[in-house]
Protein chains: 2
Amino acid sequence: MEPIRKAALVKATIVELGRAGSLDVTVSQIAKRAGMSSALAHHYFGSKEDIFLAAMRHILSLYGAEVRGALAAVDGPEARLQAILRASFSPGNFRREAVGAWLNFYVLAQTVPEARRLLSVYQRRLRSNLLSCLRPLVGVRADRAADALGALIDGVYLREALKEGPPDSAAAVATVMEFVASELGKRK
Amino acid sequence: MEPIRKAALVKATIVELGRAGSLDVTVSQIAKRAGMSSALAHHYFGSKEDIFLAAMRHILSLYGAEVRGALAAVDGPEARLQAILRASFSPGNFRREAVGAWLNFYVLAQTVPEARRLLSVYQRRLRSNLLSCLRPLVGVRADRAADALGALIDGVYLREALKEGPPDSAAAVATVMEFVASELGKRK
DNA sequence: TTTTTTATTGATCCGTCAATCAACAAAAAA
DNA sequence: TTTTTTGTTGATTGACGGATCAATAAAAAA
């Protein structure tokens with residue numbers, strides 16, 4: 001039962017995070033959505049913070065899997081780069097729940113060391129993926145380019161997610177690819 | 001008294017936001033730090049949300065003034081660009097309170113329309129400042145470049161603010177300037 | 001001076017919430 | 001079958017929080 005209940009709670013947490021748009025989500029709400037009592041939620045996770053951290057791990061691992069899947073399907077540095085972007089900006093990542101979860105993880109990262117650690121794990125993994133694409137393309141400049149590209153991805157995501165009107169995955173990908181092109185010295 | 005009290009509450013709100021690292025700040029805490037009772041805070045602002053929005057307006061106007069000041073001191077498109085970056089990444093903007101305020105404004109923007117509006121006002125203003133620098137430099141490409149640059153600024157800020165270890169203003173400026181250089185086709 | 005407006009607070013209302021616990025049910029082990 | 005472990009919840013606790021209000025003080029207007 002334990003893994004089932006935990007998984008249900010994690011999913012419910014993410015939904016509630018998106019619904020509320022803030023960390024102001026009660027354990028009861030989460031438990032109710034997961035079809036159990038709040039006492040049971042406390043039974044399987046020790047505390048509310050533990051539930052949030054588990055949800056964060058889940059989101060990050062989903063994203064990681066998405067990137068891995070996209071990378072497996074393509075070949076060549078540029079195509080791999082584009083695959084990373086498509087995974088990062090997939091419509092699923094712009095759903096209410098996903099946006100709410102990410103933003104609140106940033107907030108959590110300010111004060112909860114474990115949250116900060118998880119976030120930096122994700123960033124390092126992204127960076128290493130980017131680096132392996134960039135090195136064949138721009139050689140020694142890859143290091144600095146990967147830093148900038150990582151930041152650009154976060155920034156574009158943030159803006160696309162918070163702008164008024166529906167987010168546009170393709171536009172987000174295009175914006176970043178254009179940066180890559182200019183970094184390669186190509187100009188149309 | 002009203003403007004004095006309101007100003008004190010706004011300042012106290014920002015400090016408390018930074019201290020707590022989340023929107024989980026009580027009106028009593030804010031009022032206490034501002035040296036008054038919570039009842040008085042409710043008297044001058046109708047609700048907690050109003051207090052938050054006032055704090056957000058204050059942060060945005062501080063940032064706006066910082067940029068304006070930096071722009072007034074320099075001449076030429078590239079120098080102006082650098083001035084915007086230096087203002088955006090000034091050490092003051094990496095203080096606990098400022099980071100906490102910004103992150104929580106992003107969170108607020110998900111659910112409070114007025115917060116989203118304020119955020120998009122800020123983004124439009126930044127965009128127009130960037131455009132006026134970029135047009136003389138890259139002509140018709142300026143529009144797309146301004147979008148990317150704006151997002152890059154947000155992303156770099158986010159990463160610099162949340163990374164472990166102290167933020168490095170100069171490194172943030174350098175990262176973005178490097179992007180500008182590659183956009184100009186210059187490569188060292 | 002009297003009246004009115006402004007400034008201010010302590011107490012209070014009504015509600016919520018995280019966490020705990022005792023108790024019960026059901027399945028597994030003995 | 002009896003015992004033990006696992007799963008589950010309703011009720012409770014202890015605390016806190018936003019908002020309101022009556023009441024007081026002080027200043028301004030009349």
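Each chain gets a letter, A, B and so on, in the order its sequence line appears, and its residues count up from 1.
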Problem - Sugar-phosphate, base or nothing in reach of A:Phe45, heavy atoms under 4.0 Å - result: nothing
Exercise for the section: Would you kindly give the CG-to-C1' distance between A:Leu40 and D:dG10, to the nearest whole Å? Expected result: 13 Å
Problem - Atom pair distance, as rounded to whole Å: OH in A:Tyr44 and C1' in D:dT9 - result: 12 Å
Handout entry: ring pair (Phe, Tyr, Trp, His ring centres under 6.0 Å) between B:Phe94 and B:Tyr157, worked out
Key = CA-CA 8 Å; B:Phe94 286 115; B:Tyr157 177 78; 5.1 Å; yes
Fill in the blank from the handout: DNA chain C nearest-nucleotide lookup for B:Arg5 and A:Val25: closer to the 5′ end is B:Arg5
Fill in the blank from the handout: Rounded to whole Å, the CG-C1' distance (A:Leu9 to D:dG7) equals 13 Å
Exercise for the section: Establish, from distance only, whether the side-chain atoms of B:Ser90 and B:Glu66 form a donor-acceptor pair under 3.5 Å. Expected result: yes
Fill in the blank from the handout: Rounded to whole Å, the CZ-C1' distance (A:Phe52 to C:dC17) equals 12 Å
Practice task
Go through D:dT8, D:dG17, C:dA7 for me and flag the one nearest to the B:Thr26 side chain.
Solution key: D:dG17
Handout entry: Side-chain donor/acceptor of A:Arg96 to backbone N/O of A:Gly18, under 3.5 Å
Key = yes
Practice task
Please lay out, stage by stage, how A:Glu164 and B:Ser120 fare under the test side-chain hydrogen bond (donor to acceptor under 3.5 Å, both in side chains).
Solution key: CA-CA 8 Å; A:Glu164 344 208 16; B:Ser120 75; 3.2 Å; yes
Practice task
Nearest whole angstrom, please: distance from the P of C:dG10 to the CE of B:Met36.
Solution key: 13 Å
Practice task
Using atom CD1 of A:Ile30 as one end and atom P of C:dT16 as the other, report the distance to the nearest whole Å.
Solution key: 17 Å
Handout entry: Rounded interatomic separation in angstrom, taking CG from A:Asp24 and C1' from C:dA18
Key = 13 Å
Is there any protein nitrogen or oxygen under 3.5 Å from a nitrogen or oxygen in nucleotides 19-24 of chain C, and what are the pairs?
from   : atom 1 : to      : atom 2 : distance (Å)
C:dA19 : OP2    : A:His42 : NE2    : 2.7
C:dA19 : OP2    : A:Lys48 : N      : 3.1

Exercise for the section: May I ask you to decide if the ring planes of B:Phe105 and B:Trp102 are parallel, tilted or perpendicular, using 30° and 60° as cut-offs? Expected result: perpendicular
Under 3.5 Å, sequence neighbours excluded: what are the donor-acceptor pairs made by side chains of residues 146-154 of chain B?
from     : atom 1 : to       : atom 2 : distance (Å)
B:Asp147 : OD1    : B:Arg127 : NE     : 2.7
B:Asp147 : OD1    : B:Arg127 : NH2    : 3.3
B:Asp154 : OD1    : B:Tyr122 : OH     : 3.1
B:Asp154 : OD2    : A:Arg159 : NE     : 2.9
B:Asp154 : OD2    : A:Arg159 : NH2    : 3.4

Problem - For atom NZ of A:Lys32 and atom C1' of D:dT9, their distance in whole Å - result: 15 Å
Handout entry: Expected output: side-chain A:Arg33 to main-chain A:Glu16 donor-acceptor under 3.5 Å
Key = no
